[in-house]
Number of protein chains: 2
Amino acid sequence: MEKVTITVLAEKLNTTPATISRALNNHPAISDSMKKKVHALAEKMNYKRNKIASSLRSGKTYTIGVLIPSANISFFGSVVHGIEIVANANGYNILLYQTNESRKFEGKGVEALLSAHVDGILISVSKETKDYTHLSNAKKLGVPIVFFDRAKEGLGISSVVIDDYKGAFMATEHLIKQGYKRIAHISGPLHMKVFNDRMEGYKAAMQQYKMKFSDDWLFEGDVSIESGKAAIGHFLSLKEKPDAVFAVEDYSALGALKELKNRKVAVPERFGVFGFANELFAEHLTPSLSSVDQQTILMGKEAMQLLLSLMANKKQPAACTNITLDPLLIFRESSQRKIK
Amino acid sequence: MEKVTITVLAEKLNTTPATISRALNNHPAISDSMKKKVHALAEKMNYKRNKIASSLRSGKTYTIGVLIPSANISFFGSVVHGIEIVANANGYNILLYQTNESRKFEGKGVEALLSAHVDGILISVSKETKDYTHLSNAKKLGVPIVFFDRAKEGLGISSVVIDDYKGAFMATEHLIKQGYKRIAHISGPLHMKVFNDRMEGYKAAMQQYKMKFSDDWLFEGDVSIESGKAAIGHFLSLKEKPDAVFAVEDYSALGALKELKNRKVAVPERFGVFGFANELFAEHLTPSLSSVDQQTILMGKEAMQLLLSLMANKKQPAACTNITLDPLLIFRESSQRKIK
DNA sequence: GTGAAAGCGCTAACAT
DNA sequence: ATGTTAGCGCTTTCAC
């Protein structure tokens with residue numbers, strides 16, 4: 001069984017590989033009749049373009065790299081799904097890397113992607129990442145990069161995020177309107193823009209509605225169940241105890257819910273809880289968890305779309321584009337008092 | 001800035017590209033002194049092997065393809081993580097494809113992976129898949145394949161699964177020992193070996209313990225929350241109502257729990273529930289869901305390891321190996337009666 | 001509109 | 001132990 005290459009197609013049609021290549025790539029200078037013949041024969045002989053050879057010659061791999069902190073967080077799985085939809089529709093493959101929230105693995109991942117000659121990189125940075133040389137290096141090499149969700153400003157790298165400030169503001173506002181009086185916040189690592197923005201949104205809402213506020217009601221966690229639990233432990237030890245909490249994301253909120261249940265504090269009656277991310281489990285908890293949906297599929301699609309456009313005009317200095325999606329609040333039991 | 005290739009390294013060292021290549025690949029016939037010089041220079045000049053060129057020549061891409069039904073199921077995310085650990089440790093990259101539980105996308109995915117010249121394929125088939133020509137074609141082309149979790153027998157394709165029969169047997173046995181008398185089963189699509197095996201395990205336990213059994217207690221679902229709900233609806237409409245259910249996986253079990261809560265049937269007091277997969281949400285439900293853990297990370301690692309060995313002896317007829325992992329039962333609230 | 005020819009960067013069979 | 005040579009399959013510049 002002979003391998004079918006453009007050379008054998010050329011022989012069969014008494015022409016040259018160059019013509020075949022052009023015909024297959026719909027080059028304008030090739031006559032329609034020739035194109036038809038070539039496509040027909042290719043079809044008949046089940047010709048498949050050798051992407052490796054094509055990549056070597058053209059420098060394009062039609063592969064993009066995706067770096068995520070963890071596939072155990074349904075949020076990221078869902079974004080990747082969005083990315084895939086657009087990628088596949090445009091003939092791109094996805095090389096996936098999980099960084100395990102570690103800067104070291106993230107660096108290795110970028111290395112691996114570069115050495116695989118990906119045409120572009122989509123990344124949501126790890127909690128640990130404070131040094132961005134791996135990304136600026138990649139950028140220097142001319143590989144377009146787009147952040148999604150967890151972005152970093154000031155690097156001239158494009159990004160797609162939701163409006164974290166707005167989402168946080170609206171969630172806090174909702175708790176206020178539900179009649180909670182002393183609303184606390186569990187934050188994430190504040191060196192990350194996402195988490196910082198959410199805290200600012202929370203603070204802004206508290207201020208705008210002239211709510212009582214205490215620095216004791218700010219607990220810096222690390223986006224984990226444990227820090228949610230610890231936060232509640234801290235809050236309930238205070239003289240002036242909060243009666244609601246806006247958590248920076250759902251795992252912290254989940255920890256909070258668990259600890260509240262442990263301590264037999266009724267949610268939402270005596271304590272309101274609002275999360276962020278709308279993780280898969282949020283709607284299945286008891287009480288179900290109110291949360292800010294981040295439009296994961298859309299985020300993935302937009303990120304990929306943006307990357308496509310950056311890859312298209314590689315010549316230009318590639319203006320840095322930042323897309324902000326609107327958050328979508330999902331009101332469930334944990335934040336809605338039965339009493340009005 | 002000149003691109004650094006083996007040719008420029010060769011010029012600097014007054015030798016030939018071939019020697020550089022061999023030195024870099026640790027060819028035994030190259031002297032240690034030369035290897036040292038080459039490695040030192042490569043390091044100094046920040047040389048990176050061009051994998052594309054290497055692949056074109058050697059026919060190896062050091063990339064494997066992974067096909068999963070959905071990244072929204074944490075089970076698969078976790079298996080992929082296991083795969084990645086072993087893959088990265090061996091210098092392999094992962095091309096990811098989600099099939100959305102669709103045979104059509106699965107076929108396209110295999111096509112895409114083949115045209116990317118992956119060295120091997122790991123796949124967990126979609127619910128829909130009944131026709132396996134896409135896989136037998138790939139196999140015919142000499143691409144090693146390994147099933148994980150959702151496998152198909154009789155194709156001569158290797159697999160790594162957990163002992164579904166045993167897990168189901170043990171889960172059912174546990175319910176029996178907890179004193180439930182009329183244990184029902186929500187199954188999945190029975191054309192899939194996984195789900196069929198689980199049903200058989202359930203039946204075997206029922207028989208061995210001489211439990212009362214009725215065909216009405218067998219509900220064929222489609223591994224979804226909805227079918228779990230529907231199953232409970234069906235069970236509770238019976239004259240002889242079951243008092244426990246072993247669900248084929250956690251989403252069905254979740255649906256069951258929800259519907260039971262809806263109908264105010266106390267779990268585990270009046271009704272026991274056992275799931276399968278130990279999805280992320282299982283431990284966070286109220287009551288928490290007992291489930292069979294499938295050793296996801298281990299499964300991923302084993303699958304990749306098996307694929308590596310298949311790829312290594314591509315010459316041999318590649319004996320078909322089937323690895324079965326032991327299930328791990330996780331006993332939580334939903335199946336443990338407080339009363340003895 | 002098509003052909004000729006070069007070459008992407010690397011590897012491997014064959015030579016010495 | 002190292003050099004020579006050829007070529008993986010494709011794209012693309014330059015001819016005509």
Side-chain angles (χ1 to χ4, degrees), chain A residues 1-39 41-42 45-63 91 114-117 119 141-142 314, chain B residues 1-39 41-42 45-63 91 114-119 141-142 314-315:
Chain A
M1 187 177 93
E2 193 191 11
K3 235 186 265 175
V4 19
T5 68
I6 53 172
T7 313
V8 343
L9 294 186
E11 279 163 11
K12 300 258 180 199
L13 292 180
N14 277 320
T15 177
T16 60
T19 304
I20 303 289
S21 172
R22 284 189 276 241
L24 289 172
N25 292 318
N26 264 312
H27 191 107
I30 298 291
S31 69
D32 280 358
S33 67
M34 179 58 96
K35 278 185 192 168
K36 269 206 192 91
K37 278 198 293 183
V38 172
H39 280 113
L41 184 65
M45 300 192 65
N46 194 26
Y47 166 80
K48 302 276 180 230
R49 178 212 310 279
N50 183 328
K51 283 200 183 169
I52 311 287
S54 168
S55 296
L56 178 59
R57 185 63 234 255
S58 68
K60 287 213 60 171
T61 55
Y62 284 94
T63 299
L114 290 179
S115 94
H117 289 247
D119 293 340
L141 292 171
K314 232 176 161 178
Chain B
M1 188 178 91
E2 190 190 11
K3 232 187 267 176
V4 19
T5 68
I6 53 172
T7 313
V8 343
L9 294 186
E11 277 162 11
K12 300 259 178 196
L13 292 180
N14 276 318
T15 175
T16 60
T19 303
I20 303 288
S21 173
R22 285 189 275 242
L24 256 15
N25 291 317
N26 264 311
H27 189 106
I30 297 291
S31 68
D32 281 0
S33 68
M34 178 59 95
K35 279 184 191 168
K36 271 208 191 90
K37 276 199 294 186
V38 172
H39 280 112
L41 184 66
M45 299 191 66
N46 195 26
Y47 165 79
K48 303 277 181 232
R49 176 213 312 281
N50 183 328
K51 282 201 184 172
I52 310 286
S54 169
S55 295
L56 178 59
R57 185 63 238 255
S58 67
K60 288 213 57 169
T61 55
Y62 284 93
T63 300
L114 291 180
S115 97
H117 288 248
V118 294
D119 293 340
L141 291 171
K314 231 177 161 177
K315 307 289 157 195

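Convention: sequence-line order gives letters A, B, ...; per-chain numbering from 1.
Across A:Leu56 and B:Ala53, no two heavy atoms sit closer than the pair CD1-CB, 3.7 Å. Nearest heavy-atom pair across B:Met45 and B:Lys12 is CE-CE, 3.9 Å.
Side-chain nitrogen and oxygen atoms of B:Thr15 include at least one within less than 4.0 Å of the OP1 or OP2 phosphate oxygen of D:dG3. Between A:Thr16 and C:dT2, a side-chain N or O to OP1/OP2 separation shorter than 4.0 Å is absent. Phosphate contact (OP1/OP2 of D:dC8, side-chain N/O of B:Ser58, threshold under 4.0 Å): absent. Between B:Ser31 and D:dT2, a side-chain N or O to OP1/OP2 separation shorter than 4.0 Å is present. OP1 or OP2 of D:dG3 sits under 4.0 Å from a side-chain N or O of B:Thr19. Note on B:Ser54: every side-chain N or O is 4.0 Å or more away from OP1 and OP2 of C:dG9. When the side-chain nitrogen and oxygen atoms of A:Tyr47 are compared with OP1 and OP2 of D:dG9, none of them lie within a distance under 4.0 Å. Proximity of B:Arg57 to the phosphate of C:dC8: no side-chain N or O atom is located under 4.0 Å from OP1 or OP2. In this structure, A:Asn50 does not reach the D:dC8 phosphate: none of its side-chain N or O atoms is under 4.0 Å from OP1 or OP2. For the pair B:Ser21 and C:dT11, the criterion of a side-chain N or O lying under 4.0 Å from OP1 or OP2 is met. Not one side-chain nitrogen or oxygen of B:Arg22 sits closer than 4.0 Å to the OP1 or OP2 atom of C:dC10.
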Check against side chain to side chain contact (heavy atoms under 4.5 Å, CB included), A:Asn46 and A:Val4: CA-CA 8 Å; A:Asn46 194 26; A:Val4 19; 5.7 Å; no

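The distance from atom NE2 of B:His27 to atom P of C:dA13 is 10 Å, rounded to the nearest whole Å. In this entry the distance linking CD1 of A:Ile20 with C1' of D:dT12 reads 16 Å, nearest Å. Taking atom NZ of residue A:Lys60 and atom C1' of nucleotide D:dT12, one finds them 16 Å apart after rounding to whole Å. We find that CD of A:Glu11 is positioned 13 Å from P of D:dC10, with the value rounded to whole Å. Computed from coordinates, the B:Lys36 NZ to D:dA1 C1' distance equals 16 Å when rounded to whole Å. Atom-to-atom, CD1 of B:Ile6 to C1' of D:dT5 comes out at 14 Å; the value is rounded to the nearest Å. Between A:Leu56 atom CG and D:dG7 atom P there is a gap of 17 Å when expressed in whole angstrom units. If you measure from atom NZ of B:Lys3 to atom C1' of C:dC10, you get 13 Å, rounded to the nearest angstrom.
B:Ser58 contributes a side-chain N or O that, together with a main-chain N or O of B:Ser54, makes up a donor-acceptor pair within less than 3.5 Å.
Relative to the side chain of B:Ala29, the nucleotides D:dC10, D:dA1, C:dC8 differ in distance, and D:dA1 lies closest. When distances run from any side-chain atom of A:Pro17 to the nucleotides D:dT11, C:dG1, C:dC10, the shortest one goes to D:dT11. Listed nucleotides: C:dG9, D:dT4, D:dT2. Nearest to the side chain of B:Ala18: D:dT4.
A:Ile6 has its side chain within reach of A:Tyr47: a pair of non-hydrogen atoms, C-beta onward, lies under 4.5 Å apart.
For A:Lys60, the NZ atom sits in a packed shell: over 12 heavy atoms of surrounding residues, nucleotides or ligands are nearer than 6.0 Å.
In this structure, A:Ala53 and B:Pro28 both approach DNA chain D, and ranking their closest nucleotides by distance from the 5' end singles out B:Pro28. For A:Ile30 and B:Asn25, each mapped to the nucleotide of DNA chain C holding its nearest heavy atom, the one lying further toward the 5' end belongs to A:Ile30.
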